[in-house]
Amino acid sequence: MKKSYFFQCINVSCGATYPASQKLYRCPSCSDLLDLDYAFSDLDPEQLKVTFRERRTSNLPLDVSGVWRFREMLPFEPQDLKYAVTLGEGNTPLIEAPRSAEYAGIKHLTIKHLGWNPSGSFKDYGMTSAICQARKLGSKVVACASTGNTSASMAAYCARTDLKPVVFIPEGQIAYGKLSQTLDYGALTIQLEGDFDVAMGLVEDLSSETDLYLMNSINPFRLEGQKTVMYGLFEQLDWKIPDRIVVPGGNLGNSSSYGKALIEMKELGFIDKVPRITIIQAAGASPLYKTLVSSSSELVPVEDAFTLASAIKIGHPISWKKAVRALNFTDGWCDVVTEQEIADSKAVLGRDGIGCEPASATTVAGLKKLIETAERIPDVTIDPDEDIVAILTGHQLKDPDYTVNYHLNNLYEEATYNTVLISKSGKLESTFANQPMKVAADKKEILRILGL
Ligand SMILES: *Cc1c(COP(=O)(O)O)cnc(C)c1O
């Protein structure tokens, strides 16, 4: 098999191409987003499926990686692999979630838990490939804006190289689990006044004006690594393709990469059938949803985006056009869920023994809503018998404050702290609270409580 690859502007009326060896994030001619596109010759999908699977019996680090195992589909040559850094990312499990399925009103639900990655979120899939490109380009300093998980992942990979990581995070708006990782892994951590969208604009400017190499998902090398989520998923399903894949939407890089993977897999003959992508956003941070329902050809941004699911608290998603492409190609849809629906769905997932961070729980909340109200949108159909895979994006322990507050019946949409709580509003119901009990250290009393 031979392949070549290059940057391709996603704007069809521009269509410019550039060598992949350039340091580019946007089309120099029209400023639109770039894809990495490939020209393959003699690609045999059935043979590659065998190769991918055979690597699972190998102990070579790049074969063990659930990203590099699929390296034929990535924009690197064999001689580039010396720049690759792996922490054993990918190969995340599939888990049945019967209680969540029942709650959502569907027959069965399969979870793919990307939170079970080395840094605890799906970001590791794309970070390992972008880090490889950063090293290939000879970068010294890499940077990202982050709601927490991108920075945790970038910092971890950088710690294993001589790349210097700089992260820009919105002050007071990131979950402590994520901040603690970034600090532990040694990243220069810059807390900005302002939200993610402000941080993103700033770091994009800085990287176009300096040598900073930008590691956000606007960088097409990130999305190429994230594509391998789909290869890994379908391999786990023995290439029996599901009907629907549900994924949370924030900056929309993840859903975009799935769409691109599906387009390529269909074109190259890996699959005949294409699952429908369903993107779920939080109601207070739903620019893609607003764009779709208004049939707008421009993004309808959300100023002051709000959700407690901080990973998707984004009002100006960079990859929205690629996400629209993914929805169009897969006959997909985007929907929104409330804070209450997210909180309760997270608790229900917990009862399946599957923890996740709030952003990930939008998937189950979104399925429940689609089942209950599908008829409200023409052309959006969902069948309770479908084969559905929900993508959980982040680990439960990223944001334990949220979980504990829910179970203590103390979760508020707005809470202001100044060492101690000074004000709060927007109380959420703790529908499925599991309150801890305070009990005297007395055997008789405990036996009474246990009913023994
Ligand atoms: C980054 C992130 C998201 C959002 O993914 P996008 O690619 O920005 O849409 C969702 N959940 C978690 C846990 C994340 O870390």
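Basis for what follows: all heavy atoms, side chains included, without hydrogens, waters or symmetry-related copies. Just so you know, ligand 1 is whichever comes first in the structure, and atom 1 is the first atom listed for that ligand.
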Before you tell me yes or no, could you show the steps for K369 and D335 under salt bridge (Lys or Arg N to Asp or Glu O under 4.0 Å), namely the whole-Å CA-CA distance, both residues' side-chain angles and the distance that decides it to 0.1 Å? CA-CA 9 Å; K369 182 170 174 196; D335 213 327; 3.4 Å; yes
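- Taking a cut-off of under 4.0 Å to the non-hydrogen atoms of A359, the atoms of ligand 1 that pass are 11 (N).
- Annotation: G253 places an N or O atom under 3.5 Å from an N or O atom of ligand 1; distance criterion only.
- The N/O atoms of T393, backbone and side chain alike, include one that comes under 3.5 Å of an N/O atom in ligand 1.
- Close N/O approach between Q226 and ligand 1 is not found [any backbone or side-chain N/O within under 3.5 Å].
- When only interatomic distances are considered, the shortest N/O to N/O separation between N251 and ligand 1 falls below 3.5 Å.
- The one candidate from T228, T128, T86 that meets the side chain to side chain donor-acceptor pair (under 3.5 Å) condition with W68 is T128.
- For N254, a nitrogen or oxygen atom sits less than 3.5 Å from a nitrogen or oxygen atom of ligand 1, counting backbone and side chain alike.
- Taking any N or O of K123, backbone or side chain, at least one lies under 3.5 Å from an N or O belonging to ligand 1.
- Contacts of E357 with ligand 1, taken as heavy-atom pairs under 4.0 Å, involve the side chain alone.
- Here I312 has side-chain heavy atoms under 4.0 Å from ligand 1, and that is the only part of it that gets that close.
- Using modelled atom types, no side-chain atom of T92 and backbone atom of W116 make a donor-acceptor pair closer than 3.5 Å.
- For ligand 1, one of its N or O atoms has an N or O atom of G250 under 3.5 Å away.
- Taking the charged nitrogens against the carboxylate oxygens, D243 and K273 do have a contact shorter than 4.0 Å, which makes a salt bridge.
- Once rounded to the nearest 0.5 Å, the distance linking CG of L74 with CZ of R69 reads 12.0 Å.
- Residue-environment remark: CZ (R99) stays at or below the threshold of 12 foreign heavy atoms within 6.0 Å.
- Taking all atoms of both residues into account, the shortest heavy-atom contact from R71 to L62 is NH1-O, 3.4 Å.
- Put simply, part of G249 is less than 4.0 Å from ligand 1, judged by heavy atoms.
- The pair D35-K260 fails the salt-bridge criterion, with no side-chain N (NZ, NE, NH1 or NH2) lying under 4.0 Å from an Asp/Glu carboxylate O.
- On a distance-only criterion, G394 and ligand 1 share no N/O pair closer than 3.5 Å.
- Atom 5 (O) of ligand 1 has as its closest protein heavy atom F122 CZ, 3.4 Å.
- Going from atom OG of S217 over to atom CE of M127 covers 9.0 Å, rounded to the nearest 0.5 Å.
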